[in-house]
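To keep things clear, I will list the structure first and then write my remarks on it.
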Amino acid sequence: MSYFKKSEQLFLQLEDQKNIEEAYRLCVARAKRWHKLGSLPDKEWAYVWYIHAFYQWFFLHDIPSTRRIIYEKNKERNFQFVDKSWTLYSRTLVEDGSYQEAIEWCTKGVDKASKTVDTEVYLGLLTNLMNAKVKLNAPIEEVMEIGERLRKASLNHPKKMYYLYVFTNLGEYYLRAKEYSKAREYLAQGVRVRLKYHLDNLEADNMLASCFQKQGDFQASTQLYHRLIKQIESSPLLAYEKGKYYLHQADNFRQQNELPKAEVYILKAARALGYHSSVKLFEGKKSELLYWFDYRIRVSLEKKNLAKVQYFQLQTDSLIDLMRKEHTEINSKLFWRENTHHFYEKAIEVSFQLKDLEKAFYFIEKSRAILLLDALSDLEANNQLPYEVKIRKQRIQLEIEVLKQQLSGTAANSKNFQQITLKLLAAKDQYNNLIDSTEKTNPTYQKLKYNHHYISLKELQTKLKAQNQSFLEYFVGNEAVYAVSVTSDFVHLKKISLHSYLNTVNLYQKLLLEVQTSTTKKQFIQLKKVSYALYKHLFEPFHLPKGRVIVSHDNYFVSMASLLPDWRISDFLVKDYSFSYAYSANVYFKNTNRVSIGRTKLLGIAPVNFDERLNVAKLYNSDHTLENIQKKHFNGNLLTYHHATKANFKKEVADYDIIQLFTHGKADSLGSVIYFQDSVFNLNELQILPQLQANLVVLSACQTNIGKNATGEGIMSFARGFANLDVPSTVSTLWSVDNNTTYQITELFYQYLSDGYEKDIALQKAQIDFLRKPLSAKLPYYWSGIVLIGDSGKVVLFSKKWQYSVLIFGFVLFSIFGFWAYKKLF
């Protein structure tokens with residue numbers, strides 16, 4: 001132990017002499033030798049590995065190595081001893097964009113540190129927790145609550161850096177919210193704290209300069225950054241932060257059209273970050289490198305060098321893939337999907353200008369439903385796991401989802417909330433450890449999980465030709481709408497006015513719901529004219545051949561079947577086209593091997609009457625419709641009236657090929673639910689269902705394709721939820737549908753499926769038949785809100801007549817064979 005003490009004394013001596021790098025290098029060189037001394041007490045053990053990790057982070061800017069050292073060494077002691085390494089680890093999570101992971105790590109650490117009364121670690125974790133909340137755009141109440149805890153705990157602490165962080169974090173919050181006056185107020189307070197206590201941290205000054213920049217005062221911002229850069233370059237303690245200061249200064253010069261100066265600072269930033277030419281070899285802060293690419297692309301765009309821009313856009317796309325792979329929490333993933341959407345818009349625009357159809361299609365696809373693709377790949381990779389590992393993984397996932405549900409129904413300021421939170425974080429640790437060890441020991445699992453193949457235009461055209469289909473995909477950006485159409489013979493890329501698109505789509509959606517039975521002739525004519533205008537925007541320019549069309553929408557879901565090629569004639573597009581919808585081409589063609597022919601076991605659910613506490617209307621005739629469908633086409637199980645409970649649904653759902661629900665549904669800002677006889681089933685509860693065998697789910701309920709929109713991922717609806725469980729096809733609804741219409745179209749849909757038609761054609765024929773019926777409501781509101789999402793291939797349903805015929809034929813054959821055998825014997 002004296003050897004350790006001497007080393008510690010030498011380190012502190014070198015640190016006092018400002019020979020910081022030499023001090024850390026010394027400790028790193030001796031770390032392994034210290035480790036060989038045997039089982040060091042917690043304090044000394046933690047000190048050694050904190051120094052080692054700090055060196056990797058501060059001097060080498062090697063984030064992955066820093067995280068690996070801290071994680072692995074803490075794992076040795078079951079994460080029980082909370083020290084400075086926890087603060088450093090959570091900081092690297094924030095710097096690398098893993099914000100939700102940082103929040104969870106800090107939450108665990110704060111709980112442990114407060115019990116061990118380690119004030120400095122406690123303050124560091126609170127600081128990182130507050131910053132991660134700011135980065136993740138958490139509600140201001142949450143940010144303020146943590147800020148107040150940090151302020152109180154830091155007031156009497158000798159290191160006033162933590163007190164400064166209260167103001168820098170609040171300043172950053174309001175800067176991100178574009179409330180510049182509040183941001184400058186907090187940042188100015190931060191600068192005053194820095195000056196009063198002679199602190200080295202320049203973050204408040206940095207954000208103040210950024211505030212000037214965002215308000216358009218580039219001269220003031222340039223002058224302030226010039227002074228800050230001089231300070232940073234002369235201070236070894238601040239040198240590791242140079243990259244972001246150079247980037248801001250580069251953008252100042254770009255905004256002032258001084259491109260040569262901007263280029264100089266862009267190159268300086270690259271060197272400071274440690275980026276040379278390859279994303280795969282980069283070991284620094286990926287979130288900062290992402291911003292570097294953003295600034296690099298902006299400068300190259302100003303120079304009109306589109307080929308160079310596209311090269312950097314492909315590098316950026318690779319970086320985004322790496323970040324997504326490293327993030328384990330959905331909130332972090334969704335944050336970066338939201339914050340990289342603008343990048344994909346620029347990439348599509350550049351490809352459009354270069355007339356590069358392959359790259360334009362690639363970038364549109366990479367902007368869409370990638371997290372859903374990840375989920376499907378994970379399910380596919382699960383097949384490579386040993387049975388016991390698969391079961392353990394499912395058990396932990398179930399525990400996590402149950403705890404999440406408990407948490408959502410618990411008051412945030414209660415003691416129980418904290419207890420459930422810590423249980424949830426412990427379960428997530430278990431899950432992450434299991435995945436980590438599985439990936440190391442099972443390379444096939446890892447390969448299937450992460451190595452995506454993204455479909456090319458040529459591959460897509462081959463698949464479309466085989467299925468006699470066309471493909472139409474939209475990207476809605478902040479400046480324009482792009483659409484690509486693909487058939488076996490041609491590819492078209494179009495740019496559509498965003499303003500015109502949004503106005504027409506929003507007006508159409510509004511009129512569609514307003515113009516129902518009690519409508520004037522004038523209103524109906526207006527609806528038809530807007531429908532025609534939308535047809536001219538979205539469909540006509542692509543000259544798609546009549547027949548089967550796969551449509552992939554973005555943010556706004558339009559029922560294409562309801563559009564009018566001529567507003568004077570009420571012949572909707574459904575007359576000539578059968579539509580199915582896809583989250584993306586990659587998702588659509590990812591996994592259709594589960595679609596079986598002939599296996600038709602049905603689980604049908606129709607509560608009819610609902611518990612009065614649910615306050616929803618009775619669904620007359622839904623049980624009769626369900627019985628008719630079963631009688632004609634299926635074997636299986638019907639749950640009606642008091643049998644149609646949530647518990648029975650969860651118990652039965654895994655064993656059926658087709659699931660049919662006739663019930664109520666609702667979607668709003670709080671989430672999406674469907675109703676069973678006794679209670680509601682929340683969208684999040686889908687995650688705790690067992691693995692489904694269903695090839696088709698028909699959700700004959702209101703608003704089952706409505707939910708919260710996640711930019712780049714689509715609508716988080718029940719249809720999307722079932723897709724996430726690897727159900728290839730769903731039929732769902734876009735608005736509050738008319739019950740009788742739904743019953744009629746659903747029966748017709750199953751009839752055409754049993755006749756051998758593909759699902760999209762079966763739905764088209766069902767809707768056309770409905771429109772032909774006398775006295776049926778012809779307005780699009782009634783029939784066009786029922787849509788097919790996902791695989792549109794056949795599901796052959798043998799009618800009961802055919803089943804009886806097969807049985808009779810089999811009986812006759814058996815009788816003949818029996819008679820022949822009898823004669824042979826005797």
Distance-only polar pair, side chains of [X] and [Y], donor-acceptor under 3.5 Å:
X      : Y      : value
Arg68  : Ser65  : yes
Tyr265 : Asn252 : no
Ser287 : Asp96  : no
His452 : Ser377 : yes
Glu172 : Asn131 : yes
Tyr225 : Asn206 : yes
Arg296 : Gln315 : no

So does [Y] get a backbone contact from the side chain of [X], meaning a donor-acceptor N/O pair under 3.5 Å?
X      : Y      : answer
Gln213 : His248 : yes
Arg91  : Ala102 : no
Ser90  : Thr87  : yes
Ser332 : Gln100 : yes
Asn433 : Asp429 : yes
Ser584 : Val587 : yes
Asp554 : Val476 : yes
Asn724 : Arg720 : no
Glu345 : Asn478 : yes
Ser221 : Asp217 : no

Side-chain contact, heavy-atom cut-off 4.5 Å: [X] with [Y]?
X      : Y      : answer
Leu334 : Leu371 : yes
Arg67  : Leu93  : yes
Val143 : Asn169 : no

Given the side-chain rings of [X] and [Y], with only the six-membered ring counted for Trp, is the space between their centroids under 6.0 Å?
X      : Y      : answer
Phe282 : His61  : no
Tyr186 : Tyr174 : yes
Tyr295 : Trp292 : no

Relative to the ring of Phe54, is the ring of Trp57 parallel (under 30°), tilted (30 to 60°) or perpendicular (over 60°)?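 Trp57 vs Phe54 ring planes: perpendicular.
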For the residue pair Phe293 and Tyr275, does the interplanar ring angle fall in the parallel (under 30°), tilted (30 to 60°) or perpendicular (over 60°) class?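 Phe293 vs Tyr275 ring planes: perpendicular.
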Apply salt bridge (charged side-chain N to carboxylate O under 4.0 Å, His left out) to Glu329 and Lys333, showing your working. CA-CA 6 Å; Glu329 279 300 317; Lys333 291 176 184 283; over 6 Å; no
If you apply the rule salt bridge (charged side-chain N to carboxylate O under 4.0 Å, His left out), what do you find for Asp378 with Lys393, and how did you get there? CA-CA 12 Å; Asp378 187 46; Lys393 182 183 175 188; 3.1 Å; yes
Identify whether the distance between the nearest side-chain nitrogen and carboxylate oxygen of [X] and [Y] falls below 4.0 Å.
X      : Y      : answer
Glu233 : Lys242 : no
Glu72  : Lys440 : yes
Lys244 : Glu241 : yes
Lys182 : Glu185 : no
Asp321 : Arg324 : yes

Can you give me every donor-acceptor pair (side chain of residues 160-167, partner residue at least two apart or in another chain, under 3.5 Å) with its distance?
| residue | atom | partner | partner atom | Å |
| --- | --- | --- | --- | --- |
| Lys160 | NZ | Leu155 | O | 2.3 |
| Lys160 | NZ | His157 | O | 3.4 |
| Tyr165 | OH | Asn201 | ND2 | 3.4 |

For Lys423, look at atom NZ and say whether over 12 heavy atoms of other residues, nucleotides or ligands are found less than 6.0 Å away.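 No, NZ of Lys423 has 12 or fewer neighbouring heavy atoms, counting only those of other groups under 6.0 Å.
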Could you walk me through whether Leu123 and Leu150 pass the side chain to side chain contact (heavy atoms under 4.5 Å, CB included) check? CA-CA 6 Å; Leu123 289 170; Leu150 180 59; 3.9 Å; yes
Show the nearest heavy-atom pair for residues [X] and [Y], with the distance to one decimal.
X      : Y      : answer
Ser210 : Leu175 : OG-CD2, 4.0 Å
Gly109 : Leu125 : C-CD1, 3.3 Å
Asp205 : Leu224 : O-CD2, 3.8 Å

Name all residues meeting the salt bridge (Lys or Arg N to Asp or Glu O under 4.0 Å) criterion together with Glu479; count only those two or more places apart in sequence or in a different chain, and write none if there are none.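 Result, salt bridge (Lys or Arg N to Asp or Glu O under 4.0 Å) vs Glu479: Lys346.
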Under the salt bridge (Lys or Arg N to Asp or Glu O under 4.0 Å) test, residues paired with Glu142 that sit two or more places apart: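 Partners of Glu142 under the salt bridge (Lys or Arg N to Asp or Glu O under 4.0 Å) test: Lys133.
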What verdict does the salt bridge (charged side-chain N to carboxylate O under 4.0 Å, His left out) test give for Arg149 and Glu145, after you've listed the backbone C-alpha separation in whole Å, the side-chain angles of each residue and the deciding distance to 0.1 Å? CA-CA 6 Å; Arg149 286 161 64 191; Glu145 188 270 331; 3.6 Å; yes
As a quick check of understanding, evaluate salt bridge (charged side-chain N to carboxylate O under 4.0 Å, His left out) for Lys286 and Glu326, giving each step before the final call. CA-CA 10 Å; Lys286 291 187 179 63; Glu326 290 177 357; 3.1 Å; yes
